[in-house]
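Okay, so here's the structure we're looking at.
Because the structure is predicted, anything quoted here is derived from the model rather than measured.
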Amino acid sequence: MRIVSLCPSNTELCAYLGLTDQLVGVDDFSDWPEQVKSLPKLGPDLSIDLNRVKELEPDLILASLSVPGMEKNIEGLDELGLSYTILNPNSLDDICIDIVTLGKLTNKADEAASLSDRFKDLMQQYREISDQIPDKPVIYWEWWPKPIFTPGKTNWLTEISELAGAKNAFRDVELASVQTDWPDVVSRKPDHICLAWVGVRHNKVNPSIVKKRPGWEQLEDRPIHVLEEWLYCRPSPRLLTGLVKLAAILHPDRYPSFEGEDAFLQS
């Protein structure tokens, strides 16, 4: 089967199911696993070269609506008469559903069911540990520094925070992504600050920017964690790796240790 993926999370879902060798083209931001870096690149996920997609003669096109603006890709696929499947998970359970869906589409239904069960088992294991933690720390997640964007209640990072024995500082806001300001963040008195800036290289995320903000002195004893965008900002199975890492950081005495980025996927 010839598969085209139009966003990184779909590409990673393919890898999780052992379909990397069937990928024939991916968006410019797909960078994992290593094998996809040599595949034809089809443009940024918000501006895919759809004529190039058609030239690749795919049997399966994996589209997405996870980022505002991706609707343009869907409209273009319709105009070209290309069939596609939209994967648009907003929660860890949605990702489990997408694993099964992709398995059915690629004749890997049994493998997909097994992998989805393993995903759910890990979630349950972490939920049971979290339930035993009485005083859960509050996490402020920062996706973008100026203007400030942070995940709200309906984003998977609220769920990951809870499974890791913590609480998202903006869990009361009924949005997936919240634009706010620094005084609002300070007023919520987070115990941990997690920076995962979207589209910024990991080594370019600079905690000193946060420390220069007015009112930082009210939070100056709070630890700042620079976390990998690819483990927290893409709705793919790699979020489980992010969960394992976060839990080990917050509660090393309660959760299993973190064994490396891809340990869960390889187990």
Side-chain angles (χ1 to χ4, degrees), residues 7-10 12-13 16 29 32 64-68 87-99 119-120 122-127 129-131 133 136-145 147-182 184-185 188-200 202 205 207 210 219 222-251 255 258 261 264-265:
C7 73
S9 57
N10 287 346
E12 293 169 8
L13 189 65
Y16 188 75
F29 300 134
W32 184 91
S64 175
L65 291 172
S66 62
V67 177
L87 301 178
N88 187 31
N90 291 300
S91 69
L92 297 181
D93 283 338
D94 287 346
I95 293 172
C96 289
I97 293 171
D98 285 350
I99 291 171
F119 199 115
K120 292 176 181 177
L122 184 67
M123 289 165 56
Q124 182 60 28
Q125 174 190 346
Y126 274 63
R127 185 173 293 112
I129 296 173
S130 177
D131 287 345
I133 298 174
K136 294 180 171 62
V138 174
I139 298 176
Y140 163 61
W141 292 92
E142 187 166 289
W143 272 348
W144 193 249
I148 289 174
F149 277 92
T150 185
K153 180 178 181 178
T154 58
N155 183 268
W156 56 82
L157 282 179
T158 293
E159 187 176 4
I160 285 176
S161 299
E162 293 169 353
L163 292 174
K167 296 181 289 188
N168 176 10
F170 284 81
R171 65 194 179 280
D172 61 312
V173 183
E174 291 277 354
L175 293 170
S177 182
V178 181
Q179 182 175 346
T180 187
D181 54 33
W182 187 242
D184 187 13
V185 174
R188 292 169 184 263
K189 301 178 180 179
D191 301 297
H192 293 265
I193 296 170
C194 294
L195 307 182
W197 293 349
V198 177
V200 178
H202 189 61
V205 178
V210 176
L219 302 176
R222 271 62 163 187
I224 298 178
H225 310 284
V226 178
L227 298 175
E228 298 83 349
E229 174 204 5
W230 54 90
L231 296 183
Y232 298 96
C233 301
R234 300 176 182 178
S236 92
R238 297 182 86 195
L239 289 175
L240 264 286
T241 302
L243 166 61
V244 173
K245 180 171 185 176
L246 178 66
I249 290 172
L250 298 178
H251 302 287
Y255 288 94
F258 180 65
E261 278 199 18
F264 174 72
L265 300 185

Those residues at least two apart in sequence (or on a different chain) that pass side-chain hydrogen bond (donor to acceptor under 3.5 Å, both in side chains) with W197 are E142
Interatomic distance, OG@S236 vs CG@D98, rounded to 0.5 Å, equals 10.5 Å
Rounding to 0.5 Å, atoms OG (S9) and CD1 (I95) come to a distance of 8.0 Å
Residue pairs passing the salt bridge (Lys or Arg N to Asp or Glu O under 4.0 Å) test with at least one member in residues 155-169, sequence neighbours excluded, are none
Taken to the nearest 0.5 Å, the spacing of Q179 CD from D184 CG works out to 11.5 Å
Applying side-chain hydrogen bond (donor to acceptor under 3.5 Å, both in side chains) to Y126 and not counting sequence neighbours gives none
E228 meets the side-chain contact (heavy atoms from CB on, under 4.5 Å) criterion, sequence neighbours left out, with H202, W230, L231, Y232, K245, E261
For A166, the side-chain contact (heavy atoms from CB on, under 4.5 Å) test, sequence neighbours excluded, returns P137, I139, L250
- Is the number of heavy atoms from other residues, nucleotides or ligands under 6.0 Å of W144 CH2 greater than 12? no
Could you pull out all donor-acceptor pairs under 3.5 Å where a side-chain atom in residues 169-178 meets a protein atom, sequence neighbours excluded?
residue: R171; atom: NH1; partner: N168; partner atom: O; Å: 2.9
residue: D172; atom: OD1; partner: R188; partner atom: NH1; Å: 2.7
residue: E174; atom: OE2; partner: K153; partner atom: NZ; Å: 3.0

The side-chain hydrogen bond (donor to acceptor under 3.5 Å, both in side chains) partners of S130 (sequence neighbours excluded) come to none
Taken in chain and number order and not counting sequence neighbours, the residues that satisfy side-chain hydrogen bond (donor to acceptor under 3.5 Å, both in side chains) with T150 are none
So NE2 of H225 and OH of Y140: to nearest 0.5 Å the spacing works out to 14.0 Å
So CG of L246 and CG of L163: to nearest 0.5 Å the spacing works out to 10.0 Å
Rounded to the nearest 0.5 angstrom, the SG-CZ distance for C233 and R238 is 12.0 Å
Residue set satisfying side-chain contact (heavy atoms from CB on, under 4.5 Å) with D131, at least two apart, ordered chain then number -> R127
Residues at least two apart in sequence or cross-chain that pass side-chain contact (heavy atoms from CB on, under 4.5 Å) with I224, listed by chain then number, are I193, L195, P207, V210, K211, W216
